[in-house]
Amino acid sequence: KLDHAGQMELMDGALAPVPAANDACASTVTPVAGRKKDKSKTRPGLRDLPAHLPRQTVVHNPEGGCNCEACGNGLRVIGQDVSEILDYEPGNFLVIRHVRPKLACGHCHSISQALAPKRPVDRALAGAGLMAHVLVSKYADHTPLYRQNQIYARDGVELAVSTLTDMVAGAAWLLTPLAQAIGRYVLNGAKIHGDDTPIRVLGGARNKARTGRLWVYVRDDRASGQAAPPAVWFQYSGDRKGEHPRRHLRGFEGILQADAFSGYNRLFDDGRIVEAACWSHARRKFYDIHEQQHKLVGTLAHEALQRIAAIFAVEADIQGQSAEQRTCQRRRRTRPVLDELQRWMSATLAQVSAKSPIALAIGYSMSNWRALTRFVDDGRMEAHNNVAERALRGVAIGRKNYLHLGSDSGGERAAVIYSLLGTAKLNGLNPRAYLRYVIERIAEHPSNRIDELLPWAVAEQLQQSAQPQRRAA
């Protein structure tokens with residue numbers, strides 16, 4: 001550490017020296033006031049290291065040993081200085097040997113032996129921990145299988161890409177009933193958020209790549225003060241036809257919060273499903289124009305963004321309140337903003353070219369105005385569909401790494417794994433610990449009690465199992 005007082009004397013020769021107390025000039029010289037010392041602030045990274053981590057102690061004794069280098073007499077300990085650094089060692093593979101002794105009776109010559117333990121997938125050499133690690137590495141940490149193959153080879157473990165692919169396929173088949181249970185839970189909600197994203201798939205006509213879709217449906221009512229656990233359900237299709245969401249939502253009745261994709265339109269024909277649109281989509285069209293105009297202040301796009309920002313400001317204030325409270329606040333604070341925004345859009349639309357970008361952006365909002373403003377009178381709804389867009393963020397990052405899916409069956413497997421990982425994250429669970437827990441048990445678990453393995457149902461057991469490991473560390 002620097003001695004600030006001494007450093008000031010060395011660094012600033014222009015400062016007048018402070019006279020001694022018996023100096024005759026002491027009464028006439030006024031010391032120059034130094035800069036006030038800032039209060040020390042703890043920077044990120046300098047906090048105490050987590051107490052649950054295992055400690056490896058290294059003792060550094062003096063070079064002279066236990067004898068004094070000056071006089072040769074013995075030394076005694078009067079204290080010690082301890083410093084800690086955070087280090088990392090890559091995860092280690094291990095082989096678990098299951099030994100089943102054969103016991104014979106000397107009297108009746110009968111033989112007794114324990115049954116062989118069940119494996120997650122029959123005849124598979126991978127344990128639950130390795131399978132969970134491979135799935136999380138690919139679908140949560142976005143590490144393609146070929147790259148995992150290279151990583152494991154550095155530790156002397158040769159796992160071919162084909163072996164890893166079979167491992168993913170076996171795990172997805174094993175976990176499919178659990179993903180289906182998540183889907184049933186999502187569709188039992190009063191409101192779901194829906195969206196979709198493209199993904200490249202091999203195996204098209206003449207072996208060319210084509211564009212498939214991953215659809216996401218999220219049940220998350222925490223913003224309206226409800227305590228029901230959140231969940232996310234993914235589905236795959238080879239194209240973006242409207243028949244797919246109609247099939248996915250065949251048994252659903254309630255609110256569908258989504259963008260204005262025309263494939264959803266037939267869902268709203270019989271009134272069984274109520275449409276709620278997304279102000280984030282409407283805002284994005286103005287923001288794109290604002291960026292093209294180098295974010296100039298005072299443009300029509302900038303004014304639209306400011307007006308829409310007032311809607312989101314109210315939503316931030318009422319986050320987590322009950323549906324009734326949110327409805328009251330929106331009617332009092334948001335409805336005047338929307339009325340003024342509608343008048344401004346109508347007046348602006350009459351002044352600009354019908355084919356201009358700003359006219360198209362305003363046209364999107366005006367043509368979907370009823371669905372965009374329905375949230376004011378229903379506190380269960382959101383003003384936006386950000387919940388679904390956040391659920392798709394992992395897919396968007398992952399496809400930049402693994403580039404494509406190998407087939408339609410690969411898309412279906414991805415939907416299963418993304419459903420489990422996404423739901424575990426929404427419920428605050430460690431995805432790797434959760435997958436390991438269910439892979440170890442699901443093969444022998446009764447199919448009519450599959451809901452007992454849902455993330456929120458096993459959260460307490462996972463937390464209890466994690467505590468002894470931290471205490472042992």
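Values in this document were obtained by computation on a predicted structure and should not be read as measured data. No hydrogens, no waters, no symmetry mates; every other heavy atom, side chains included, goes into these values.
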Original post:
What distance separates N448 CG from E452 CD, expressed to the nearest 0.5 Å?
Top reply: 8.5 Å

**OP:** May I ask you to check if R219 and Y185 form a cation-pi contact, with NZ or CZ under 6.0 angstrom from the six-membered ring centre and within 45° of the axis?
**Re:** yes

Subject >> T143 side, atom OG1; N401 side, atom CG - distance, nearest 0.5 Å >> reply: 7.0 Å

Subject >> Heavy-atom side-chain proximity of R200 to T211 below 4.5 angstrom >> reply: no

Original post:
Taking 4.0 angstrom as the limit, do R335 and D377 come out as a salt bridge?
Top reply: yes

Subject >> Flag side-chain contact, heavy atom, 4.5 Å: S322 against Q325 >> reply: yes

Subject >> Side-chain donor-acceptor pair present, R399, T197, cut-off under 3.5 Å >> reply: yes

Original post:
What is the distance from atom CG of L145 to atom OG of S137, rounded to the nearest 0.5 Å?
Top reply: 9.5 Å

**OP:** Run the ring-centre check on Y217 versus H193 and record whether the distance is less than 6.0 Å.
**Re:** no

**OP:** From the options W215, W233, F234, select the one residue that forms a ring-ring contact (aromatic ring centres under 6.0 Å, His included) with Y418.
**Re:** F234

Subject >> No-hydrogen, no-angle side-chain donor-acceptor test under 3.5 Å, D196 and H244 >> reply: no

Original post:
Given Y437 and Y434, is the ring-ring contact (aromatic ring centres under 6.0 Å, His included) satisfied, shown in steps?
Top reply: CA-CA 5 Å; Y437 182 91; Y434 172 67; 7.5 Å; no

**OP:** Classify the angle between the aromatic ring planes of F93 and Y152 as parallel (below 30°), tilted (30 to 60°) or perpendicular (above 60°).
**Re:** perpendicular

Original post:
Ignoring hydrogens and geometry, is there a side-chain-to-backbone donor-acceptor pair from H384 to E382 under 3.5 Å?
Top reply: no

Subject >> E275 and R370 ion-paired at < 4.0 Å >> reply: no

Original post:
Are the charged groups of R393 and E389 less than 4.0 angstrom apart, N to O?
Top reply: no

**OP:** Please assess R380 against D221 for the test salt bridge (charged side-chain N to carboxylate O under 4.0 Å, His left out), listing each intermediate value before the final yes or no.
**Re:** CA-CA 7 Å; R380 299 172 299 171; D221 299 316; over 6 Å; no

Original post:
Between E303 and R307, is the closest basic N to carboxylate O distance under 4.0 Å?
Top reply: yes

**OP:** For P198 and R213, work out which heavy atoms get closest and say how close.
**Re:** CB-NH1, 3.3 Å

**OP:** Run the salt-bridge test on D378 and R326 with the 4.0 Å N-O cut-off and return the result as yes or no.
**Re:** no

Original post:
Do E253 and I273 come within less than 4.5 Å of each other through their side chains, counting heavy atoms only?
Top reply: no

